[in-house]
Protein chains: 2
Amino acid sequence: MPTYEHPRPSVTVDVVVFGYDGGHDLKLLLIQRGSDPYQGQWALPGGFVEMDEDLEAGALRELEEETGVKDLFVEQLYTFGKPGRDPRGRVISVAHYALVNLSKHPAAAASDASEVAWFSLDKLPELAFDHAEIIKLATTRLRAKVRYQPIGFELLPEEFTLGELQALYETILGVPEFNKRNFRTRILRTGILEEVGRQQNVAHRPAILYRFNEATYQQLVEQRDSGVLRRALDFEI
Amino acid sequence: MPTYEHPRPSVTVDVVVFGYDGGHDLKLLLIQRGSDPYQGQWALPGGFVEMDEDLEAGALRELEEETGVKDLFVEQLYTFGKPGRDPRGRVISVAHYALVNLSKHPAAAASDASEVAWFSLDKLPELAFDHAEIIKLATTRLRAKVRYQPIGFELLPEEFTLGELQALYETILGVPEFNKRNFRTRILRTGILEEVGRQQNVAHRPAILYRFNEATYQQLVEQRDSGVLRRALDFEI
DNA sequence: ACAAAAGTGTTGAGGGTACACCCATGC
DNA sequence: GCATGGGTGTACCCTCAACACTTTTGT
């Protein structure tokens with residue numbers, strides 16, 4: 001690793017923002033490009049990373065600048081760096097994904113970009129750069145991760161029913177419907193949900209409202225990491 | 001995303017190379033830095049990415065230049081970009097991890113760097129930069145991934161016994177020993193192993209030799225991805 | 001009374017776990 | 001024959017998966 005000057009690629013941070021509003025599909029937040037390469041086409045929010053900011057911070061900053069959305073769960077996804085993926089030259093993109101509950105965050109549009117909109121994940125427009133590929137990877141990762149980490153709760157309101165939680169899982173995983181009885185048993189057995197009340201004014205038996213209990217979850221994680229392992233290995237096939 | 005010039009960070013690719021020789025520990029390939037920051041200290045193989053090469057290709061190139069090791073399984077791990085992680089300025093590192101069977105690849109040392117060596121994973125020297133953190137993440141990822149993807153075979157010779165495979169899993173996961181009967185049943189049930197012969201000249205009943213059947217594994221993956229899912233969700237706690 | 005969604009009891013099949021045992025080879 | 005590691009039979013128990021059923025609200 002010599003110390004003389006090297007040619008330097010540009011580095012951007014992009015964010016795949018998944019939104020959920022209780023419906024039957026996931027939404028994706030896109031911006032319409034206002035300038036130069038791919039002008040007028042839809043793209044992921046993102047931009048060049050500043051010299052003194054962390055990657056995740058840069059992703060959140062660009063997201064807020066371009067879409068007004070802030071304060072959400074974000075995590076690094078993958079770094080895309082194939083030469084030629086950006087016509088402007090060598091641009092390496094550190095892609096992130098984020099989860100947001102649409103009822104909590106406005107579909108805002110105060111923006112650097114010319115336009116901002118939520119698209120249904122199964123009806124995306126044509127996308128700039130290799131952003132279609134990035135979205136595909138993010139979707140795969142979300143589907144995989146939601147099965148073994150309680151990240152889905154980021155997409156729900158603070159308080160929710162088991163029916164809503166199940167609908168969310170079915171939406172993310174793209175499965176028509178799985179058994180209600182077994183879903184409830186499994187979720188409640190984990191102990192990570194906490195009862196916080198009952199529904200009001202619904203035209204059916206009011207459901208129990210739950211909240212995700214972060215503290216309990218962390219305790220369980222620690223127990224698992226310190227104790228003996230349960231299932232020795234599993235190729236999940 | 002404006003088109004005017006931005007200040008650009010440097011981008012490096014680093015590789016966490018895990019090696020296995022059938023013993024009771026995993027090895028890690030490190031180089032001793034020959035120059036400037038952290039001179040004389042041990043570090044991960046890696047270096048600045050070229051302007052016209054893919055990230056993974058850059059990782060493999062640097063690895064071969066610095067250690068002589070080539071032709072191995074490599075995958076992107078995470079991108080480390082906290083400001084201040086490198087005293088030379090803003091350096092973003094796209095970290096990779098790689099797996100290699102030590103009997104197949106020489107512990108070579110023809111090198112750009114002053115020295116190259118394999119260290120036991122539990123007896124690492126002090127490391128340059130934030131490389132200790134990178135190694136920690138790579139280890140966590142390896143332990144997690146080996147449970148649901150057949151990447152462990154990269155660490156074994158072409159043909160191996162179930163005893164050797166079990167020893168490898170115990171080594172990676174750091175578990176004293178799990179039940180032989182159940183390990184065998186589970187592994188063989190997946191159908192991804194293929195019998196290829198028997199051991200010769202061993203002072204005990206000769207074991208059946210197996211080979212990992214990539215084609216069968218791919219078929220199973222496709223079946224899973226197209227068919228209905230089995231376990232709906234599982235927080236693994 | 002009825003619709004709608006919440007919530008429960010139960011049962012058969014299959015996998016996880018554990019323990020005990022037999023088998024083939026070199027020395 | 002004995003040490004060594006390879007390989008198998010089986011039994012208990014818990015979880016998964018599926019189905020049928022009861023409960024509570026608003027209209």
Side-chain angles (χ1 to χ4, degrees), chain A residues 22-24 147-148 156 159-171 173 175-191 193-211 220 224 227-237, chain B residues 22-24 147-148 156-157 159-171 173 175-211 220 224 227-237:
Chain A
H24 290 295
R147 285 163 159 270
Y148 64 89
L156 289 176
E159 305 185 349
F160 50 86
T161 70
L162 288 182
E164 289 164 356
L165 184 60
Q166 178 168 355
L168 169 65
Y169 272 91
E170 288 166 359
T171 300
L173 297 175
V175 183
E177 178 180 2
F178 35 72
N179 189 284
K180 185 174 56 166
R181 181 64 167 112
N182 305 332
F183 179 83
R184 284 160 182 270
T185 308
R186 254 195 309 222
I187 289 285
L188 291 179
R189 188 181 43 208
T190 64
L193 293 190
E194 180 186 4
E195 293 192 22
V196 290
R198 301 198 136 263
Q199 278 182 328
Q200 305 286 334
N201 297 328
V202 286
H204 53 76
R205 175 171 175 178
I208 298 174
L209 292 170
Y210 292 91
R211 176 193 300 150
L220 289 171
R224 179 197 57 185
V228 198
L229 78 176
R230 209 86 43 76
R231 284 206 299 277
L233 76 160
D234 184 2
F235 289 149
E236 281 230 355
I237 288 184
Chain B
H24 290 295
R147 286 164 160 266
Y148 64 90
L156 289 176
E159 304 184 349
F160 51 85
T161 70
L162 288 182
E164 289 164 354
L165 183 61
Q166 178 168 356
L168 169 65
Y169 272 90
E170 288 166 357
T171 300
L173 296 176
V175 184
E177 177 178 2
F178 33 73
N179 189 284
K180 184 174 58 166
R181 181 65 169 109
N182 305 333
F183 180 83
R184 283 158 184 269
T185 308
R186 257 199 304 228
I187 289 285
L188 292 179
R189 188 180 45 206
T190 65
I192 59 179
L193 294 189
E194 181 186 4
E195 292 192 21
V196 290
R198 304 198 135 263
Q199 278 183 328
Q200 305 285 334
N201 298 326
V202 285
H204 52 77
R205 175 173 173 176
I208 298 176
L209 293 170
Y210 292 90
R211 174 194 301 151
L220 290 171
R224 180 196 57 184
V228 198
L229 78 176
R230 209 85 43 75
R231 285 206 300 277
L233 76 161
D234 184 0
F235 289 151
E236 280 228 357
I237 289 182

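Just so we're on the same page: letters track the sequence lines, and every chain starts at 1. All heavy atoms count here, side chains included; hydrogens, waters and symmetry mates do not.
Closest contact between the side chain of B/Arg205 and the listed nucleotides D/dC19, D/dG5, C/dC19 involves D/dG5. With C/dG7, C/dG16, D/dG7 as the choices, the nucleotide that has an atom nearest any side-chain atom of A/Ile208 turns out to be C/dG7. Residue B/Arg189 has its side chain nearest to C/dG15 when only C/dG15, D/dG6, D/dA18 are considered. Out of C/dA6, C/dG26, D/dT15, the shortest distance to the side chain of B/Ala203 is found at C/dG26.
B/Arg181 contributes a side-chain N or O that forms a donor-acceptor pair with the base of D/dG9 under 3.5 Å. At a cut-off of 3.5 angstrom, the base of D/dG6 holds no donor-acceptor pair with the side chain of B/Arg184.
In terms of position along DNA chain C, the nucleotide closest to A/Pro206 lies nearer the 5' end than the nucleotide closest to the other residue of the pair A/Pro206 and B/His204. Each of B/Asn182 and B/Leu162 was assigned the nucleotide of DNA chain D with the nearest heavy atom; the assignment lying further toward the 5' end belongs to B/Leu162.
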Practice problem: Test side chain to side chain contact (heavy atoms under 4.5 Å, CB included) on A/Gln199 and A/Leu209 and set out the steps. | Solution: CA-CA 7 Å; A/Gln199 278 182 328; A/Leu209 292 170; 4.2 Å; yes
Quiz item: A/Ile208 and A/Leu162: side chain to side chain contact (heavy atoms under 4.5 Å, CB included), yes or no, with the steps?
Solution: CA-CA 8 Å; A/Ile208 298 174; A/Leu162 288 182; over 6 Å; no
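Per the geometry, CD belonging to A/Gln200 stands 13 Å off C1' belonging to D/dT24, to the nearest Å. The interatomic distance linking A/Gln166 (CD) with C/dA5 (C1') rounds to 12 Å, in whole Å.
No side-chain heavy atom of B/Phe160 sits less than 4.5 Å from a side-chain heavy atom of B/Leu168.
No side-chain N or O of A/Thr190 forms a donor-acceptor pair with one of A/Arg186 less than 3.5 Å apart.
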